[in-house]
Amino acid sequence: MATEPAELLTVALGVAREAADLALRMRTDGVTGIDTKSTITDVVTAADKAVEDLVKSSLQQLRPGDAVLGEETGGAAEPSAGGAVRWIVDPIDGTVNYLYGLPQYAVSLAAEVDGVVVAGVVRNPVTGQEWTAVRGGGAWRAGRRLTCSAQRELGLTLIATGFGYDARRRAHQAAVISRVLPRVRDIRRFGAASLDLCLAAEGAVDAYFEKGLAAWDRAAGGLIAEEAGLRVTGLRGEGPGRRFVLAANEAVYEELHDLLVEADADGGP
Ligand code: IPD
């Protein structure tokens, strides 16, 4: 089967739109099947599962043989190799917002070939906003090519971040915030990592960082951010991963990176 990024994006778009419609319908009907996962603050709903099932079965129909990794039902845990495609899906990124009826949640779907994300879409079901990228082809929303912020002064940056669900990790993250907040314009916690990365892609925030993101939280949004000109990495020279994701424009990257290292942002539990 074809593995051209543009074709994979077309598939991703069709599936993500269907998935977003289902998420919205199930929200309008009232949230059901509320349960917790890793801790009492880590929520899952019937909609998370139903949307992931829909994505998986649509992909299986359209592209039998491709591997899929999803937040709720797992699947292909290893990166793709040998020319194979692995899809990475977060059916509802921002489940806590979804539960509370806050509009900041998204369906995130990415296609990875040989371990590299080559196409991705993030769609907000409430606003209909849809961010897309194919590797090397720029990041886009509503027909407009996106460019990240050009802010050069760390003290004038608006920075998005997020927190994990574990109390000890949160205590460490709070300590990191206490080091970063006095040095920047302000910090935002919107509640959906994929959308945070898309906001950085369109310059609505200047940078984003978070510790402990899973592949489904960052795969599509990370590509979109990179394609909009952000440098997307881990800390201390690693690539982005579970320990850390930093997305910042080239002008403030080094200073923010060093501040985060100083604050031990990728340390702690
Ligand atoms: C969460 C959101 C949140 C981020 C957490 C993620 P979920 O994803 O993206 O913004 O801070 O780290 O786990 O659980 O809503 O899919």
Side-chain angles (χ1 to χ4, degrees), residues 16 19-20 22-24 26-27 31 33-53 55-56 69-75 88-110 120-126 131 159-174 176-177 180 187-201 204-205 207-225 232 234 240-247 260 265-266 268-269:
L22 177 61
L24 191 58
M26 290 185 77
R27 185 67 190 69
V31 182
I34 302 162
D35 206 346
T36 56
K37 298 194 288 186
S38 57
T39 70
I40 55 162
T41 54
D42 185 4
V43 181
V44 64
T45 72
D48 293 79
K49 295 173 186 163
V51 173
E52 184 158 315
D53 285 348
V55 169
K56 282 193 161 179
L69 172 68
E71 175 173 18
E72 310 306 340
T73 53
I88 303 172
V89 56
D90 191 337
I92 298 178
D93 182 31
T95 301
V96 173
N97 285 343
Y98 186 81
L99 179 66
Y100 280 76
L102 296 170
Q104 194 75 352
Y105 65 91
V107 173
S108 168
L109 182 58
V121 54
V122 173
R123 183 174 174 96
N124 180 325
V126 181
W131 293 260
I159 298 194
T161 191
F163 308 124
Y165 294 116
D166 171 80
R168 287 170 59 239
R169 173 166 296 175
R170 284 182 166 189
H172 184 80
Q173 288 175 315
V176 172
I177 295 296
V180 176
I187 289 185
R188 296 287 181 268
R189 197 296 192 241
F190 296 113
S194 59
L195 290 172
D196 292 338
L197 285 158
C198 291
L199 290 176
V205 295
Y208 164 75
F209 72 86
E210 185 166 348
K211 179 180 163 189
L213 285 187
W216 44 79
D217 297 310
R218 66 179 147 78
L223 175 65
I224 291 162
V232 183
R242 276 197 76 79
R243 294 304 289 174
F244 211 79
V245 175
L246 165 62
L260 291 167
D266 59 343

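Numbering of ligands and ligand atoms starts at 1, following listing order.
Side-chain atoms of N97 come within 3.5 Å of backbone atoms of F190 as a donor-acceptor pair (strictly under, hydrogens ignored).
Ring-plane geometry between F209 and F244 is classed as parallel, the angle between the planes falling under 30 degrees on a 0 to 90 degree scale with a further cut at 60.
Of all atoms in ligand 1, listed by their number and element, those nearer than 4.0 Å to a heavy atom of L213 are 12 (O). Set against the non-hydrogen atoms of I92, the atoms of ligand 1 under 4.0 Å away are 16 (O). For ligand 1, the atoms closer than 4.0 angstrom to any heavy atom of D90 are 16 (O). For ligand 1, the atoms sitting less than 4.0 Å from at least one non-hydrogen atom of G94 are 7 (P), 15 (O), 16 (O), numbered in the order shown with element in parentheses. Proximity to A193 (heavy-atom distance under 4.0 Å) selects the following atoms of ligand 1: 2 (C), 9 (O), 10 (O). Annotation for ligand 1: atoms under 4.0 Å from non-hydrogen atoms of G162 are 11 (O).
The heavy-atom pair separating L69 from A215 by the smallest distance is CD2-CB, 4.3 Å.
Side-chain polar atoms of S194 and D93 form a donor-acceptor pair below 3.5 angstrom.
Annotation: atom 16 (O) of ligand 1 to nearest protein heavy atom, E71 OE1, 3.0 Å. Of the protein's non-hydrogen atoms, D217 OD1, 3.8 Å is the one closest to atom 6 (C) of ligand 1. In terms of protein heavy-atom proximity, atom 12 (O) of ligand 1 is nearest to E210 OE2, 2.5 Å. For atom 8 (O) of ligand 1, the closest non-hydrogen atom on the protein side is D93 OD1, 3.0 Å.
Contact annotation: the side chain of L24 approaches that of V126 to within less than 4.5 Å [non-hydrogen atoms, C-beta and beyond].
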* To do: Applying side-chain contact (heavy atoms from CB on, under 4.5 Å), run through E52 and I92 and close with a yes or a no.
  => CA-CA 8 Å; E52 184 158 315; I92 298 178; over 6 Å; no

* Asked: Yes or no on salt bridge (Lys or Arg N to Asp or Glu O under 4.0 Å) for K37 and E72, after CA distance, side-chain angles and deciding distance?
  -> CA-CA 10 Å; K37 298 194 288 186; E72 310 306 340; 3.1 Å; yes

* Asked: How far apart are the C-alpha atoms of L195 and N124, what are their side-chain angles, what is the distance that settles it, and do they pass the side-chain contact (heavy atoms from CB on, under 4.5 Å) test?
  -> CA-CA 8 Å; L195 290 172; N124 180 325; 4.2 Å; yes

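Considering backbone and side-chain atoms alike, R189 places an N or O below 3.5 Å from some N or O of ligand 1. Of the N or O atoms in G191, one or more lie within a sub-3.5 Å distance of an N or O in ligand 1.
Applying side chain to side chain contact (heavy atoms under 4.5 Å, CB included) to T95 and the options I34, V44, T45, D90 leaves one that passes, T45.
Distances from atom 7 (P) of ligand 1 to the heavy atoms of Y165, W216, F190, Y105 put Y165 nearest.
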